[in-house]
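Given the structure is predicted, the values throughout are model-derived calculations rather than measurements.
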Amino acid sequence: MPPTTPYAGKFSSCGLYNNNNHPQPHSPYRNGSTKSVKENVYNGAYSATENPYDIPQPRSAYRSSSVGSASVKEHHYNNSCAVSENPYSSPRPHSPRQHSSSCPGRAHRHTSSSSGSEQSCRSNAAPAKSQLYGHGITASYGEMCYHDNSLVSASLEALIQHLVPTVDYYPDRSYVFTFLLSSRLFLHPYELMTRVCHLCVEQQRSGDALLDKIRFREVAPKLVQLLTEWTETFPYDFRDERMMRCLKDMTHHVARGDEYSWRAMQQMTQRLIKRLSALGQYEEAVAALNAVAMERPASLKSKQASGQRSDVLSVCDDPFILAQQLTHIELDRLSFIGPEEFIQTFAMKDPLENHKGFFRKRKTSNLEAYVNWFNRLSYLVATEICMPVKKKHRARIIEFFIDVAQECFNIGNFNSLMAIITGMNMSPVSRLKKTWSKVNTDKFEILEHQMDPSSNFSNYRTALRGATQRSETAHSIQEKIVIPFFSLLIKDIYFLNEGCASRLPNGHINFEKLWELAKQVSEFLVWRQVACPFNRDRRILQYLVTTPVFTEDELHLASYESEGPENNMEKDSRRSLRSSLLHRENRS
């Protein structure tokens with residue numbers, strides 16, 4: 001059967017962005033200096049070193065390069081990566097040829113085609129039908145359609161069958177990742193796992209008990225490999241108790257045929273449980289930190305009294321160090337976002353979601369927590385600016401956050417950069433004209449230009465490409481850091497899903513779309529796995545994640561207290577806000 005590599009040709013139904021090719025940007029601020037920081041440890045409720053996705057996959061015992069006459073080469077986005085590395089870690093796969101495309105970053109991924117015997121064991125397909133169309137060859141194998149040796153569409157049943165390993169077949173890893181990621185658009189992970197395991201077992205039945213045992217012993221290592229890739233890359237799926245029960249049943253089944261595979265299943269299950277435990281601890285820690293942060297600030301009845309509250313400059317007056325600590329928080333929280341959460345944000349409503357073992361509230365909880373962190377940082381910046389009584393102090397804090405944003409840009413931390421810019425552009429801050437008159441805004445204007453939303457954030461996308469290129473050729477861990485503007489990443493994936501049909505008129509799954517979704521998410525996985533190289537400062541981190549911030553109404557009132565209303569509309573607004581906030585305080 002031809003390889004399941006994505007089609008590199010024209011994909012007109014998915015033309016969302018048409019970015020121009022710009023040269024790699026250079027930071028206007030980088031001076032090449034490196035500041036030393038004190039070595040501190042952030043003794044939080046969870047450890048950043050407990051990245052649940054850093055556990056290596058099994059060694060090559062489960063990766064057959066050839067069986068019998070069929071040659072099966074595993075696909076890697078980066079051919080030089082080790083087995084323990086993420087096989088989807090390079091956003092730019094090697095390509096013997098590139099075609100023009102309206103989709104960003106289309107690439108041709110090749111694997112070897114298999115023999116006729118392999119084709120027959122994959123599906124009871126009709127003989128291949130091939131036709132020439134334009135510059136490519138379109139071929140159909142049963143219910144699977146290819147264009148230039150790239151899988152472009154198939155029925156759901158054929159895709160499930162194609163995932164099932166046999167004695168002389170194992171799906172290439174790009175297909176495994178792509179289908180496990182996006183299959184949840186069409187069926188529940190539990191249903192997929194049940195059907196895959198059932199097919200894998202049933203295909204070995206011949207009516208002869210001894211022969212069946214021998215056949216299953218041969219296929220067991222490949223089944224373990226598939227389940228290992230599933231548990232390592234999509235551990236959240238196994239929070240469903242039905243998934244864990246199915247995994248347990250397969251462990252018992254494997255134990256009857258192959259002791260080596262049974263031990264591998266036991267080890268895999270132990271690693272999975274450890275990861276799920278770490279994920280649970282992380283979520284509990286974030287919830288506890290958020291609870292502390294929800295405590296309300298000092299009353300605004302007395303501006304002087306609330307102004308005595310400690311501010312960011314009393315905790316850290318070095319913008320470089322604060323940018324490093326923000327990067328710690330970003331990378332910590334990124335590392336706990338499951339790749340499936342991107343798809344589950346727009347997956348169809350699951351009819352089984354009320355099942356007691358299906359954690360609906362956790363399907364996208366870490367993704368949502370990361371978006372909430374962006375919002376919190378924006379409000380923290382605005383709160384820090386609006387709190388001081390003196391205009392000179394407010395101007396100093398604005399200049400400090402501009403410098404922090406500049407350092408975030410140099411590091412490659414675009415999410416914190418955008419959060420700071422967003423906070424400084426909130427109306428309670430932007431209306432402080434007397435304060436802004438004391439600030440040199442040249443640096444801020446350059447940063448705003450870098451994150452300008454016009455032309456679909458073309459300037460930011462150019463800077464992101466530059467940071468990605470730097471990461472690929474990095475000589476230090478710091479140069480590997482790429483933290484994207486996360487809300488825009490989600491938007492890109494959302495519009496890719498909405499702009500391309502999931503099913504074709506003939507009922508087939510549009511696998512070209514699934515390749516594109518996998519490409520977007522796999523690039524995120526590369527960025528997520530970078531370890532933060534900076535020393536932790538527990539005091540600064542604690543302040544950033546727990547210090548109370550103002551609500552929007554409280555920000556407006558604090559802004560009016562800093563610089564009085566300029567017109568009758570603002571006077572009415574201040575009067576209304578005072579009355580409303582006073583009423584809330586009396587009720588509480």
Side-chain angles (χ1 to χ4, degrees), residues 46-48 50-55 57 86-88 163 176-194 196-197 226-248 250 268-287 331-373 486 489-490 493-494 497 514 517-518 520-522 524-529:
Y46 66 94
S47 170
E50 295 180 1
N51 188 329
Y53 305 104
D54 282 345
I55 299 174
Q57 296 179 7
N86 187 342
Y88 316 97
L163 185 66
V176 173
F177 175 77
T178 300
F179 189 57
L180 290 181
L181 174 70
S182 296
S183 61
R184 62 201 73 235
L185 291 171
F186 313 103
L187 74 169
H188 190 280
Y190 165 71
E191 184 180 358
L192 175 62
M193 185 175 181
T194 301
V196 168
C197 292
L226 178 64
L227 295 176
T228 298
E229 293 190 33
W230 196 331
T231 58
E232 296 289 346
T233 313
F234 303 98
Y236 270 52
D237 288 347
F238 294 85
R239 280 181 148 172
D240 185 342
E241 66 181 24
R242 297 169 297 171
M243 292 284 286
M244 290 299 292
R245 190 162 55 245
C246 184
L247 191 63
K248 183 178 179 180
M250 286 309 303
M268 175 191 68
T269 304
Q270 291 172 5
R271 293 195 301 267
L272 174 62
I273 293 173
K274 183 178 180 180
R275 269 199 312 280
L276 292 180
S277 176
L279 289 168
Q281 292 174 10
Y282 161 76
E283 291 177 342
E284 291 174 2
V286 170
L331 289 175
D332 283 352
R333 300 201 173 196
L334 275 180
S335 69
F336 284 96
I337 297 175
E340 72 281 356
E341 294 191 52
F342 292 97
I343 306 302
Q344 286 169 171
T345 57
F346 46 77
M348 62 181 182
K349 183 179 177 65
D350 183 0
L352 302 177
E353 66 180 9
N354 294 323
H355 188 277
K356 65 179 181 179
F358 187 63
F359 295 89
R360 173 69 179 177
K361 64 185 178 67
R362 290 183 171 180
K363 290 183 76 173
T364 60
S365 60
N366 294 299
L367 187 148
E368 293 168 4
Y370 189 59
V371 172
N372 290 338
W373 154 249
F486 197 69
L489 175 62
I490 296 174
I493 295 175
Y494 174 80
N497 177 69
L514 271 55
L517 289 172
Q520 293 265 10
V521 176
S522 64
F524 161 79
L525 294 182
V526 178
W527 299 331
R528 186 194 66 178
Q529 67 186 10

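Interatomic distance, Glu341 CD to Ile493 CD1, rounded to the nearest 0.5 Å: 11.5 Å. Tyr370 contributes atom OH, which lies 6.5 Å from atom CD1 of Ile337 (distance to the nearest 0.5 angstrom). One finds the CZ atom of Arg239 at 12.0 Å from the CE atom of Met244 (value rounded to the nearest 0.5 Å). Distance CD/Gln520 to CD1/Ile343: 9.5 Å, rounded to 0.5 Å. Interatomic distance, Met268 CE to Glu229 CD, rounded to the nearest 0.5 Å: 11.5 Å. Separation of atoms CD (Glu340) and OG (Ser182) is listed at 11.5 Å; rounding is to 0.5 Å.
Cation-pi geometry between Arg242 and Tyr190 is satisfied (NZ or CZ under 6.0 Å from the ring centre, within 45° of the ring normal).
Between Phe177 and Phe234, the distance separating the two ring centers is shorter than 6.0 angstrom.
The side-chain heavy atoms of Trp230 and Phe238, taken from C-beta on, include a pair separated by under 4.5 Å. Contact annotation: the side chain of Leu181 never approaches that of Thr233 to less than 4.5 Å [non-hydrogen atoms, C-beta and beyond]. Considering only heavy atoms from C-beta on, Asp237 stays 4.5 Å or farther from Leu180 through its side chain. At a threshold of 4.5 Å between non-hydrogen side-chain atoms, the residues Leu185 and Leu517 count as touching. Side-chain contact between Leu272 and Glu232 is absent, with no heavy-atom pair separated by less than 4.5 Å. By the 4.5 Å heavy-atom criterion applied to side chains, Phe342 and Tyr494 are not counted as neighbours. Between Phe186 and Leu192, the closest side-chain pair of non-hydrogen atoms is not below 4.5 Å. Using a 4.5 Å cut-off on side-chain heavy atoms (C-beta onward), Asp240 and Arg245 make no contact.
Summarising the geometry of Leu276 relative to Pro235, their closest heavy-atom pair is CD2-O, 3.4 Å, with the distance given to 0.1 Å. Minimum interatomic distance between Arg528 and Ser335 (heavy atoms only, all atoms of both residues): CG-CA, 3.4 Å. Counting all heavy atoms, side chain and backbone alike, Pro189 lies closest to Arg184 at CG-NH1, 3.6 Å. Annotation for Leu227 and Leu247: closest pair CD1-CD1, 4.1 Å, computed over non-hydrogen atoms. When all heavy atoms of Arg333 and Val286 are compared, the pair lying nearest together is NH1-CG1, 4.3 Å.
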Working for side chain to side chain contact (heavy atoms under 4.5 Å, CB included), residues Phe486 and Leu489: CA-CA 5 Å; Phe486 197 69; Leu489 175 62; 4.1 Å; yes
Full working for side-chain hydrogen bond (donor to acceptor under 3.5 Å, both in side chains) between Glu283 and Ser365: CA-CA 8 Å; Glu283 291 177 342; Ser365 60; 3.1 Å; yes
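Between the side chain of Thr231 and the main chain of Thr228, a donor-acceptor pair closer than 3.5 Å is present.
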